[in-house]
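Small disclaimer: the values here were computed from a predicted structure and weren't measured.
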Amino acid sequence: MPELPEVETYRRFINEVAVGQTITSLDVRDAHVLAVPEDELRAAVVGRTIAGTGRLGKNCFLELDNGRLLVLHFGMTGDIGAFRDAPDAPRFTRVAWQLSDSGLNLAFIDPRKFGRIRLADSVEAYQKAKKLGPDALQISAAELHQKLTRRRVFVKPLLLDQSLTAGLGNWIVDEVLFQAKIHPERLGNSLTEKETNALHEAIQLVLKTAIQHEAHYRHFPASFLIHAREWDDSATPGSDAHTYCPRHPKTKIEKFYVGGRATYICPRCQPAPAAA
DNA sequence: AGTCATGTTTGCGC
DNA sequence: GGCGCAAACATGAC
């Protein structure tokens, strides 16, 4: 789940539930998701008050009252939850921390354990250490244009590159390319300013729409490609209506791999580039 | 049983 | 350093 809109939704949840409260204890159920030694993490967070929250790309920050940050990255299957008593902890809770006032526990949930919890001294230090570009909601059209057109690489892997801009994941990039009507295998340096502007607008549209719907993709507008992804099969068992382009009811959405990642396009909306 | 997966990192060959 | 590709990580869902 966790691309930028999911992480923003988690951040808002944490903001509601935890800001102003003190972390009274830390329960590490599976140290695999820790990128810092457990003792160090415990010493850094227990007794600290959560002053606020932040986000950069797919990274969520809990700002501690001494200025340091607890950084959450959710990998491919991470989630946030809350529970009151230990037996009620959600399945796959790997780490939990208790909050002073409410007595609630925040749970870092992650079945596949690709997520990581770490510490940072500041957003800037973390951004530099992880080589993260500007957040996908913050990058300007001019910077996006400059960064894309400098490279002789397929545009899809470029948009997925967190050092170019941070927060776009596999399905969002497909959605952005569909909305901007650009084929994922167009080379960065072949894009016109008009096209990079369309990409910039599509990024804003897709991210804002997704955040508005708290990343519940089944509630997204019918004009979105996301309904063509196979995960939507369960919504209409036996029907393949969702595998057609929202703009071309007779054109089937195509699936193939770009840069090793499953990719969905409408072949009419997103014409393939001429062979090099 | 085998295949696929919303992310990131590393290694290899050119 | 750039690029394309593959694998690895660890596990659940279908």
For A/Lys58 and B/dT6, is the shortest distance between a side-chain N/O and OP1 or OP2 below 4.0 Å?
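A/Lys58 to B/dT6 OP1/OP2: no side-chain N or O under 4.0 Å.
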
Do any side-chain nitrogens or oxygens of A/Gln162 fall under 4.0 Å of OP1 or OP2 in B/dG7?
no

Any cation-pi pair here, A/Arg55 with A/Tyr10, using under 6.0 Å and within 45°?
no

State which of [options] makes the closest approach to the side chain of [X].
X: A/Lys255; options: B/dT8, B/dC4, C/dA10; value: B/dC4
X: A/Ala262; options: B/dT8, C/dG12, B/dA5; value: B/dA5
X: A/Val153; options: C/dC3, C/dG12, B/dG7; value: C/dC3

Using Watson-Crick or G-U wobble geometry with both distances below 3.5 Å, tell me the partner of B/dG11, or none.
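Check on B/dG11: paired to C/dC5, both distances under 3.5 Å.
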
Once you apply the 3.5 Å cut-off to both distances, tell me the Watson-Crick or G-U wobble partner of C/dA10, or none.
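Paired with no nucleotide.
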
What's the gap between C/dA6 and B/dC4 when it is taken at their P atoms, as a whole Å value?
14 Å

Say we look at C/dG1 and B/dT10: how far apart would their P atoms be, to the nearest angstrom?
15 Å

Side chains of A/Thr165 and A/Lys147 only: does a donor on one sit below 3.5 Å from an acceptor on the other?
no

Nearest-angstrom distance from the residue atom [atom1] of [X] to [atom2] of [N]:
X: A/Asp110; N: C/dC9; atom1: CG; atom2: P; value: 16 Å
X: A/Phe74; N: C/dC9; atom1: CZ; atom2: P; value: 24 Å
X: A/Asn170; N: B/dT6; atom1: CG; atom2: C1'; value: 7 Å
X: A/Leu177; N: B/dT6; atom1: CG; atom2: P; value: 15 Å
X: A/Arg112; N: C/dC14; atom1: CZ; atom2: P; value: 15 Å
X: A/Phe154; N: C/dG2; atom1: CZ; atom2: P; value: 18 Å
X: A/Phe220; N: B/dT6; atom1: CZ; atom2: C1'; value: 12 Å
X: A/Lys113; N: B/dT6; atom1: NZ; atom2: P; value: 21 Å

Any side-chain heavy atom of A/Lys58 sitting closer than 4.5 Å to one from A/Phe74?
no

Using a cut-off of 4.0 Å on non-hydrogen atoms, how would the nucleic acid contact of [X] be classed: base, sugar-phosphate, or nothing?
X: A/Phe92; result: sugar-phosphate
X: A/Lys131; result: nothing
X: A/Gly169; result: sugar-phosphate
X: A/Arg152; result: sugar-phosphate
X: A/Arg261; result: base

Verify stack between A/Phe114 ring and C/dC9 base, 5.5 Å, 30 degrees:
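Yes; centroid distance and tilt both under limits.
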
Going by an N to O cut-off under 4.0 Å, is there a salt bridge joining A/Glu16 and A/Arg12?
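Not counted as a salt bridge, because no side-chain N and carboxylate O are separated by less than 4.0 Å.
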
What heavy-atom pair brings A/Ile139 and A/Ala136 nearest, and what distance separates the two atoms?
CG2-O, 3.8 Å

Between A/Tyr257 and A/His73, the residue closer to the 5' end of DNA chain B by nearest nucleotide is A/Tyr257

Cluster link A/Phe92 to A/Val28, ILVMFWY, side chain under 4.5 Å:
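No, A/Phe92 does not connect to A/Val28 through the hydrophobic network.
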
With DNA chain C as reference, determine whether A/Pro157 or A/Arg91 sits nearer its 5' end, using the nearest nucleotide of each.
A/Pro157

